[in-house]
Amino acid sequence: MEFLFGRLTLGALPHEWFTIGGTVFMTLAMIGVVAFLTRMKLWKWLWHDWLTSIDPKKIGIMYFIVAALMLVRGGLDAGMIWLQQVMGASSGGYLSAQHFQEIFTAHGVIMVFFVTMGFLFGFMNYIIPLQIGARDLASPFLNTLGFWLYVAGAILINMFFVFGGEFAAAGWLSIAPLSGLEYSPGVGMDYWIWSLQISGIGTTLGGINFIMTILKMRAPGMTLMRMPIFTWASLCSMVMVVIVFPLLTATVALLNLDRLLGMHFFTTTAGGNAMMYTNLIWMWGHPEVYILMIPALGVYSEVVATFSGKRLAGYTSTVIALNAIAIISLFVWLHHFFTMGSGANVNAVFGISTMIIAIPTAVQLFNWVFTMRKGRIRFDTPMLWFLGFVFTFSVGGMTGVLLAVPPADFQLHNSLFLVAHFHTMVIGGALFGIFAGFSYWFPKFTGIKLNERLGKYAFWFWIIGFWVSFGPLYILGLMGAPRRLERYDSVTGWQPLFVVSLIGFGIICIGTAFLVAQIIVSIKNRKKYADLTGDPWDGRTLEWSTSSPPPFYNFAVIPEVKNRDAFWEMKKEGKRIKSKYEDFEMPKGTATGIYIAIFAFFFGFAMIWHIFWLAIACALGIVAFIIFRTFYENTEYEMKAAEVEKVERMR
């Protein structure tokens, strides 16, 4: 039995209220989806048109769907954390200390890995080929494989509801020695390890693919210094992915060896060094924050130029600033553990480098201000999200500079002040950027403009709710409230501020409801909100030169670029992309990425439960499919000019 099932026993089945509830919910949701697809006879359409598609636009939309589902999951965790902290002063709350730490850990991992990364990869898939005048990514197969590995990791991180009953409780980065066997003996830590390993490999493959695409597949005449800023920002972010994600893979692999084979890389009592884990994980962890942030900065640059009716001011300095942020962010990781005794000289170096990174960030801010100066600003929803970002991110930046001072950090590091700062940067920077990009490019995705009134309601509820939620956390941090705290004495006087923070979460939920309502209302009234021009915002870059949504081949004729803001210059000169159609090759859809991801999922599950025969079988399956794909040559088909002309006429 041990050979067949490893550590998996009947005791691993759901037996707590939250595991039973989670399992029932996921089962009912799955049954509902299967019943709907069967009733509507959509299985064949779903498989051929979506799941096996290599069209980056469809893969981008699937990223959005999975990330949105994970956003609901991570948002529920956030609500449970706030509610426990409100109740923690009187009754002791409704969560045990262990359960609270598990929720705390899951919330951070899900929001960073599976929400923000998912949305940004969705934007990159859809927008980058359109902005650089390409028909696809450099490797369509790597693209679909990266996506399905991301999905496998997202499913695996939720499997503890069904098998295991516990998740990691060592924080979202699982710092050693808390993540070792001594303090985390259960399978929860292993779920964290393998969900990150599988999805992280998919992210690395995606990063390589985007770099190849941007460097090698630009339209004729589009030099690097004619690329749209979002593409530049994505390039910087993906170079960082390729640099630091292998470091995450190696670090987590060493942690797994500690737990699986009794090695002691990070076990201090057996000659290892827990401090080494902290260095390695933050050498990935801090650049990861900028991997999320930099593409959002690119979105803001696109939005502010379009809605100011002007070319982006300081294009060259913006490009330099993006690259400077990417480079400097690789050398500031130690400010996350000033308190761990690295020494005054080391702390000073990393404190100064942390302050220096504010300079290129400020350069971009000034360029946006100069872009708006004397511009004909339109305060549509994307522009509101940009302005909300400017205020929120500026406050977060100032608190970041404060935390970069080691003596101040010694007092504030382990407090809720740091939690408030982190969320100010990630929500105010990356998530607001996602909302701005979604409302900006939604007409391109669907051919439908979003309802502006509901979008503005969503913005105001979000921006107000955010500050009602996280403003009190800054105050609580200054009052000495530590982070990761589920209970506290009522005499501290902290509870009223936690109550205000929970009210803010409720306001954010109302804003989220307006976002959902905005999408539903717009789609329901799609004739009223239809965009028949392909260019609803009077855009400046090439994605607006195509119909909305674009055809599966993006461009019937690859455009020739002669200036920055290529489409704006074409409109100004009265030129159109020539319509002399030619034959070209297009990649065929494939299910190989799905099969490899399925094997990867079961490999991770087998390693979690020590079912080694299954792990070996899955590893062999992965290798077999990779070899099969390597030697499979029938991966493309020819698109005839006559067929292109027919499609273009219909569109």
Side-chain angles (χ1 to χ4, degrees), residues 1-9 11-12 19 97-99 101-106 108-110 112-113 149 152-153 155-201 245-285 337 484 600-619 622:
M1 293 294 289
E2 186 177 349
F3 172 77
L4 289 176
F5 298 105
R7 297 186 291 175
L8 189 58
T9 64
T19 57
Q98 176 71 16
H99 191 189
Q101 296 302 326
E102 290 176 13
I103 293 173
F104 177 91
T105 302
V109 174
I110 287 170
V112 171
F113 274 90
L149 289 174
I155 296 173
L156 190 61
I157 203 171
N158 289 292
M159 283 301 293
F160 75 91
F161 284 110
V162 184
F163 298 103
E166 66 172 60
F167 189 63
W172 76 281
L173 288 179
S174 295
I175 299 296
L178 292 179
S179 52
L181 277 177
E182 182 180 359
Y183 298 101
S184 299
V187 296
M189 194 66 244
D190 299 298
Y191 274 113
W192 181 92
I193 287 172
W194 287 105
S195 61
L196 262 64
Q197 284 289 48
I198 293 170
S199 63
I201 291 171
F245 262 80
L247 183 61
L248 171 69
T249 300
T251 305
V252 176
L254 293 176
L255 177 61
N256 184 61
L257 290 174
D258 272 10
R259 296 176 57 83
L260 182 65
L261 299 180
M263 297 187 179
H264 299 287
F265 294 104
F266 310 125
T267 310
T268 306
T269 54
N273 189 344
M275 188 78 169
M276 181 171 70
Y277 180 90
T278 305
N279 269 285
L280 290 173
I281 202 69
W282 275 119
M283 287 172 72
W284 162 82
F337 46 102
R484 306 188 185 98
F601 170 83
F602 282 106
F603 176 83
F605 185 82
M607 292 301 294
I608 290 167
W609 290 101
H610 296 182
I611 310 173
F612 296 118
W613 67 266
L614 179 60
I616 294 170
C618 290
I622 292 171

- prompt: Rounded to the nearest 0.5 Å, what separation is found between the CG atom of Leu614 and the CE atom of Met607?
  reply: 11.0 Å
- prompt: Can you name the residues that form a side-chain contact (heavy atoms from CB on, under 4.5 Å) with Leu196, not counting sequence neighbours?
  reply: Val109, Phe113, Trp192
- prompt: Residues in ring-ring contact (aromatic ring centres under 6.0 Å, His included) with Phe160, at least two apart?
  reply: Phe167
task: Output all residues satisfying ring-ring contact (aromatic ring centres under 6.0 Å, His included) with Phe163, sequence neighbours left out; order by chain, then residue number.
output: Phe605
query: Between Phe266 and Met275, does a side chain to side chain contact (heavy atoms under 4.5 Å, CB included) hold up when you go through it step by step?
result: CA-CA 8 Å; Phe266 310 125; Met275 188 78 169; over 6 Å; no
- prompt: Residues in side-chain hydrogen bond (donor to acceptor under 3.5 Å, both in side chains) with Trp282, at least two apart?
  reply: none
- request: Quick one: which residue pairs count as a salt bridge (Lys or Arg N to Asp or Glu O under 4.0 Å) with a foot in residues 264-278, not counting sequence neighbours?
  value: none
Least distance between heavy atoms, Glu102 atom then Glu166 atom: OE2-CB, 3.7 Å
Which donor-acceptor pairs under 3.5 Å do the side chains of residues 168-189 make with protein atoms, sequence neighbours left out?
{"unit_1": "Ser174", "atom_1": "OG", "unit_2": "Gly171", "atom_2": "O", "d": "3.3"}
{"unit_1": "Ser179", "atom_1": "OG", "unit_2": "Ser174", "atom_2": "O", "d": "2.9"}
{"unit_1": "Ser184", "atom_1": "OG", "unit_2": "Leu178", "atom_2": "O", "d": "2.5"}

task: Not counting sequence neighbours, which residues clear side-chain hydrogen bond (donor to acceptor under 3.5 Å, both in side chains) with Tyr191? List them please.
output: Trp609
- prompt: Residues two or more places apart in sequence or in another chain: which of them pass side-chain hydrogen bond (donor to acceptor under 3.5 Å, both in side chains) with Asn279?
  reply: Trp333
Spacing of Leu280 atom CG and Phe265 atom CZ [to the nearest 0.5 Å]: 11.0 Å
message: Going by salt bridge (charged side-chain N to carboxylate O under 4.0 Å, His left out), name the residues that satisfy it together with Arg7, two or more places apart in sequence or in a different chain.
response: Asp190
Side-chain donor-acceptor pairs under 3.5 Å in residues 246-257, sequence neighbours left out?
{"unit_1": "Thr249", "atom_1": "OG1", "unit_2": "Phe245", "atom_2": "O", "d": "3.1"}
{"unit_1": "Thr251", "atom_1": "OG1", "unit_2": "Leu247", "atom_2": "O", "d": "2.7"}

- prompt: If you round to the nearest 0.5 Å, how far is CG of Asp258 from CD1 of Ile193?
  reply: 9.0 Å
task: Mind listing the closest non-hydrogen atom pair of Cys618 and Phe602 along with its distance?
output: SG-CB, 3.5 Å
- prompt: What residues form a side-chain contact (heavy atoms from CB on, under 4.5 Å) with Ile622, not counting sequence neighbours?
  reply: Ile596, Phe599, Ala600, Ile626
task: Would you mind reporting whether Phe601 and Ile155 have side-chain heavy atoms less than 4.5 Å apart?
output: yes
- prompt: How long is the span from the OG atom in Ser199 to the CG atom in Leu156, to the nearest 0.5 Å?
  reply: 9.0 Å
statement: Here the gap from Glu2 atom CD to Thr9 atom OG1, rounded to the nearest 0.5 Å, amounts to 11.0 Å
Results of ring-ring contact (aromatic ring centres under 6.0 Å, His included) for His610 - residues two or more places apart only: Phe612
- prompt: How close do Ile198 and Ala152 get, heavy atom to heavy atom, and via which atoms?
  reply: CG2-CB, 4.0 Å
query: So, His99 side chain and Ala97 main chain: donor-acceptor pair closer than 3.5 Å or not?
result: no
